[in-house]
Amino acid sequence: MKFRTLIALSLQTVVAFLALGGSVYSLVWLEQRQAAEPLPREGFWNERAPIVVVDAGHGGHDGGAVANGVIEKNMSLDIANRLKKELEAAGVRVVMTRSGDRFLTLDERAAMAGTHEAAAFVSVHLNTDGEGSDAEGIETYFAEGKGLMARQLVQTGEGRREGDGAEFASRVQRLVCGATQAENRGIKARDYAVVARAACPAVLVECGFITSASEVVRLKQAGYRDKVADGIARGVVQFLQSRAARAGVIAAVAK
């Protein structure tokens with residue numbers, strides 16, 4: 001009897017392990033497929049196309065991080081411009097916080113989300129971890145709570161919700177890592193000013209470590225920066241699609 005029980009438990013363990021392995025494999029397969037599928041082109045949006053504010057980190061006298069021949073303010077603008085192109089090709093309207101080497105305060109950047117009634121806000125940055133560090137990969141930040149001014153502007157019900165930040169970050173992180181095959185450093189909750197004060201779901205994407213000798217080589221390649229922009233755009237569009245679908249369901253139920 002004990003032997004049969006042991007066999008049964010062992011079989012259950014094997015089945016559970018295989019099921020878990022299958023789930024992990026399916027998730028990886030899904031991420032790769034989503035990263036390979038073309039973005040929707042113009043005409044996808046049934047209603048007026050949503051607005052996304054794209055923020056290139058730093059600018060002007062604020063150069064950001066500097067390492068291995070890269071100045072963060074320049075590379076963040078380059079990736080932001082590529083992201084703008086991808087989003088516009090998908091029919092999304094884009095507002096840039098800066099289109100040149102210009103300094104803006106964090107409040108000025110975040111305020112543009114409310115001014116333009118944006119559906120989402122994306123801030124583009126590059127990471128550092130000390131000279132000679134081998135840390136690399138992409139990570140995406142969101143704010144667990146919004147600042148007072150942002151809370152006053154955020155809509156409720158079928159509109160914007162503070163909890164959307166984590167979902168937004170998760171989608172962007174998953175798809176940008178799938179597009180680039182960069183190390184996935186996950187999503188992290190931090191009350192950074194540009195994401196906490198933006199009156200819409202907002203994320204800050206650290207697109208790679210310029211202090212990493214291997215990663216900076218990839219980041220200096222235009223083709224790789226295209227992949228970064230493409231992956232972020234996929235996450236943004238997928239998030240906006242999910243919100244539009246959710247709003248449609250709520251509207252249908254309300255009728």
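A side-chain donor-acceptor contact under 3.5 Å links S242 and E167. A side-chain donor-acceptor contact under 3.5 Å links Q238 and R174.
The salt bridge (charged side-chain N to carboxylate O under 4.0 Å, His left out) search around D226 returns R82, not counting sequence neighbours. In this structure E108 satisfies the side chain to side chain donor-acceptor pair (under 3.5 Å) test together with T105, sequence neighbours excluded. D129 is linked by a salt bridge (charged side-chain N to carboxylate O under 4.0 Å, His left out) to nothing, counting only residues two or more places apart in sequence or in another chain. For the side chain to side chain contact (heavy atoms under 4.5 Å, CB included) test, residues two or more places apart in sequence or in another chain that qualify with K84 are E88, V94, M96. Qualifying side chain to side chain donor-acceptor pair (under 3.5 Å) partners for K220, counting only residues two or more places apart in sequence or in other chains: none. Listed by chain and number, the residues in a side chain to side chain donor-acceptor pair (under 3.5 Å) with E206 amount to none (sequence neighbours excluded). Remark: D62 engages H58, F103 in a side chain to side chain contact (heavy atoms under 4.5 Å, CB included) (not counting sequence neighbours). Residues meeting the side chain to side chain contact (heavy atoms under 4.5 Å, CB included) test with V217, sequence neighbours left out: Q221. Partners of F239 according to the ring pair (Phe, Tyr, Trp, His ring centres under 6.0 Å) rule, which considers only residues two or more places apart in sequence or in another chain, are F168. Residues passing the side chain to side chain contact (heavy atoms under 4.5 Å, CB included) test with T115, sequence neighbours excluded: none.
Alongside V66, the hydrophobic cluster contains I71 (criterion: ILVMFWY side chains under 4.5 Å).
Side-chain atoms of E117 never come within 3.5 Å of backbone atoms of G114 as a donor-acceptor pair (strictly under, hydrogens ignored).
Atom CG in L126 sits 9.0 Å away from atom CD in E215 (nearest 0.5 Å).
At a threshold of 4.5 Å between non-hydrogen side-chain atoms, the residues V216 and V70 count as touching. Counting only heavy atoms from C-beta outward, the side chains of C200 and V53 never approach each other to under 4.5 Å.
Residue pairs meeting the ring pair (Phe, Tyr, Trp, His ring centres under 6.0 Å) criterion with at least one member in residues 65-85: none, sequence neighbours excluded.
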